[in-house]
Amino acid sequence: MAAAALRVQLEALLENMFATGMVDEQFRQLQLLQEEGGSASGFVAEVATLFIDDADRIIADIGSLLDQPVVDFDKVDAHVHQLKGSSSSVGAQKVKLACMHFRQFYEAKSKEGCLMALALVRSEFCDVRNKFQTMMQLEQQIEACSPK
């Protein structure tokens, strides 16, 4: 009974993530890989955890670069590009779109614009990180309720 209620919560969370555009078809593909048995149970959680760790580090690195008196916009570009690729591979669509928006500011070498774009990236990342963490907690609770 408890597992069924948790599954309903998980499905509602995932439905909301898709409906709001937080995640895209790439995330659905990761889910399908796991569901069809092509990947181990916990595959999506593992990919999400790797993304969270990478993105957290990359965002901190971008922040450090933008804190410098003279900004190396080529390094900012490389980090944003890396974050865009990472978010794209996990299906974190809003983070990917925020990275695409970021581009105009580092190409214009606008420190102020980059700081605003970083705030948006950080906000979108925090939202998706929180949803991924909630998803993983629900999956763990469902697993704990399942017969061994």
Side-chain angles (χ1 to χ4, degrees), residues 3 5-68 71-108 110-146:
L6 290 169
R7 279 190 193 89
V8 168
Q9 276 187 293
L10 179 59
E11 288 304 314
L13 173 71
L14 294 170
E15 188 175 307
N16 176 266
M17 289 167 65
F18 283 106
T20 60
M22 180 175 287
V23 293
D24 61 15
E25 188 58 32
Q26 180 60 32
F27 185 75
R28 189 176 315 279
Q29 293 300 318
L30 293 174
Q31 289 180 298
L32 288 173
L33 277 174
Q34 180 174 298
E35 289 168 10
E36 293 172 357
S39 297
S41 175
F43 171 71
V44 174
E46 185 177 330
V47 171
T49 299
L50 290 171
F51 165 71
I52 289 168
D53 293 345
D54 278 352
D56 220 9
R57 178 188 48 77
I58 295 167
I59 290 169
D61 289 349
I62 295 169
S64 294
L65 287 168
L66 293 174
D67 281 344
Q68 300 302 311
V71 175
D72 184 339
F73 288 101
D74 290 335
K75 284 185 180 176
V76 172
D77 175 11
H79 281 77
V80 173
H81 187 75
Q82 183 181 7
L83 181 58
K84 180 182 160 209
S86 183
S87 57
S88 183
S89 68
V90 77
Q93 179 171 269
K94 284 190 172 184
V95 175
K96 178 183 79 174
L97 293 173
C99 288
M100 292 167 67
H101 177 71
F102 206 133
R103 181 179 193 155
Q104 66 185 317
F105 298 110
Y106 60 73
E107 284 182 346
S110 167
K111 183 175 182 173
E112 187 175 304
C114 284
L115 288 168
M116 289 188 311
L118 178 60
L120 176 62
V121 165
R122 199 176 267 137
S123 174
E124 296 297 356
F125 169 68
C126 287
D127 288 348
V128 78
R129 178 185 59 200
N130 291 341
K131 296 285 188 185
F132 280 169
Q133 287 173 335
T134 300
M135 174 194 76
M136 291 183 282
Q137 289 169 351
L138 287 168
E139 288 174 345
Q140 287 173 344
Q141 291 171 359
I142 290 166
E143 185 72 27
C145 291
S146 299

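Reckoned from all heavy atoms, side chains included, excluding hydrogens, waters and symmetry mates.
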Apply the test side-chain contact (heavy atoms from CB on, under 4.5 Å) to residues E139 and L10: give CA-CA distance (whole Å), side-chain angles for both, the deciding distance (0.1 Å), then the verdict.
CA-CA 8 Å; E139 288 174 345; L10 179 59; 3.9 Å; yes
Next item on the list: Show your reasoning for whether side-chain contact (heavy atoms from CB on, under 4.5 Å) applies to F125 and D56.
Entry: CA-CA 8 Å; F125 169 68; D56 220 9; 3.7 Å; yes
Practice prompt. Carefully, step by step, assess I59 and H79 under the rule side-chain contact (heavy atoms from CB on, under 4.5 Å).
Written response: CA-CA 8 Å; I59 290 169; H79 281 77; over 6 Å; no
Applying side-chain contact (heavy atoms from CB on, under 4.5 Å), run through Q93 and M22 and close with a yes or a no.
CA-CA 5 Å; Q93 179 171 269; M22 180 175 287; over 6 Å; no
- Yes or no on salt bridge (Lys or Arg N to Asp or Glu O under 4.0 Å) for R57 and D61, after CA distance, side-chain angles and deciding distance? CA-CA 6 Å; R57 178 188 48 77; D61 289 349; 3.7 Å; yes
Please assess Q137 against Q141 for the test side chain to side chain donor-acceptor pair (under 3.5 Å), listing each intermediate value before the final yes or no.
CA-CA 6 Å; Q137 289 169 351; Q141 291 171 359; 5.8 Å; no
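Using a 4.5 Å heavy-atom threshold, the side chains of E112 and L115 count as separate. Looking only at side-chain heavy atoms (C-beta outward), Q31 and E35 come within less than 4.5 Å of each other. Using a 4.5 Å cut-off on side-chain heavy atoms (C-beta onward), C114 and F73 make contact. A heavy-atom distance below 4.5 Å is found between the side chains of V44 and M135. The side-chain heavy atoms of I52 and M136, taken from C-beta on, include a pair separated by under 4.5 Å. Contact check for L138 versus R7: no side-chain heavy atoms found under the 4.5 Å cut-off. Between E11 and V8, the closest side-chain pair of non-hydrogen atoms is not below 4.5 Å. The shortest distance between side-chain heavy atoms of L83 and F102 does not fall below 4.5 Å.
Heavy-atom contacts from other residues, nucleotides or ligands closer than 6.0 Å to CD of E46 number 12 or fewer. Atom CD of E15 has 12 or fewer neighbouring heavy atoms from other residues, nucleotides or ligands inside a 6.0 Å radius.
Pairing each heavy atom of C145 with each of L6, the nearest pair is SG-CD1, 4.0 Å. When all heavy atoms are compared, the tightest approach of A92 to V128 is CB-CG2, 4.2 Å. Contact detail for A98 and V121: the closest heavy-atom pair is CB-CG2, 3.7 Å.
Of the possible donor and acceptor atoms, none in the side chain of S123 sits under 3.5 Å from a partner among the backbone N and O of A119. Formation of a donor-acceptor pair under 3.5 Å by the Q34 side chain with backbone atoms of L30 is not found in this model. In this structure, the side chain of N130 engages the main chain of C126 through a donor-acceptor pair within 3.5 Å. S86 contributes no side-chain N or O that, together with a main-chain N or O of Q82, makes up a donor-acceptor pair within less than 3.5 Å.
With sequence neighbours left out, the ring-ring contact (aromatic ring centres under 6.0 Å, His included) criterion links H81 to no other residue. Taking the ring-ring contact (aromatic ring centres under 6.0 Å, His included) definition, one finds that F105 meets it with H101, sequence neighbours left out.
Classification of the F132-F27 ring pair by plane angle, with boundaries at 30° and 60°, yields parallel.
Rounded to the nearest 0.5 angstrom, I62 CD1 and R122 CZ are separated by 9.0 Å. For the atom pair CG (L97) and NZ (K84), the distance works out to 9.5 Å, reported to the nearest 0.5 Å. Note that the CD1 atom of I58 and the CG atom of D53 stand 11.0 Å from one another [nearest 0.5 Å]. In this structure, the separation between OG on S87 and CE on M100 is 10.0 Å, given to the nearest 0.5 Å.
Applying the salt bridge (charged side-chain N to carboxylate O under 4.0 Å, His left out) definition to pairs two or more places apart or across chains, those involving residues 90-103 are D24-K96, R103-E107.
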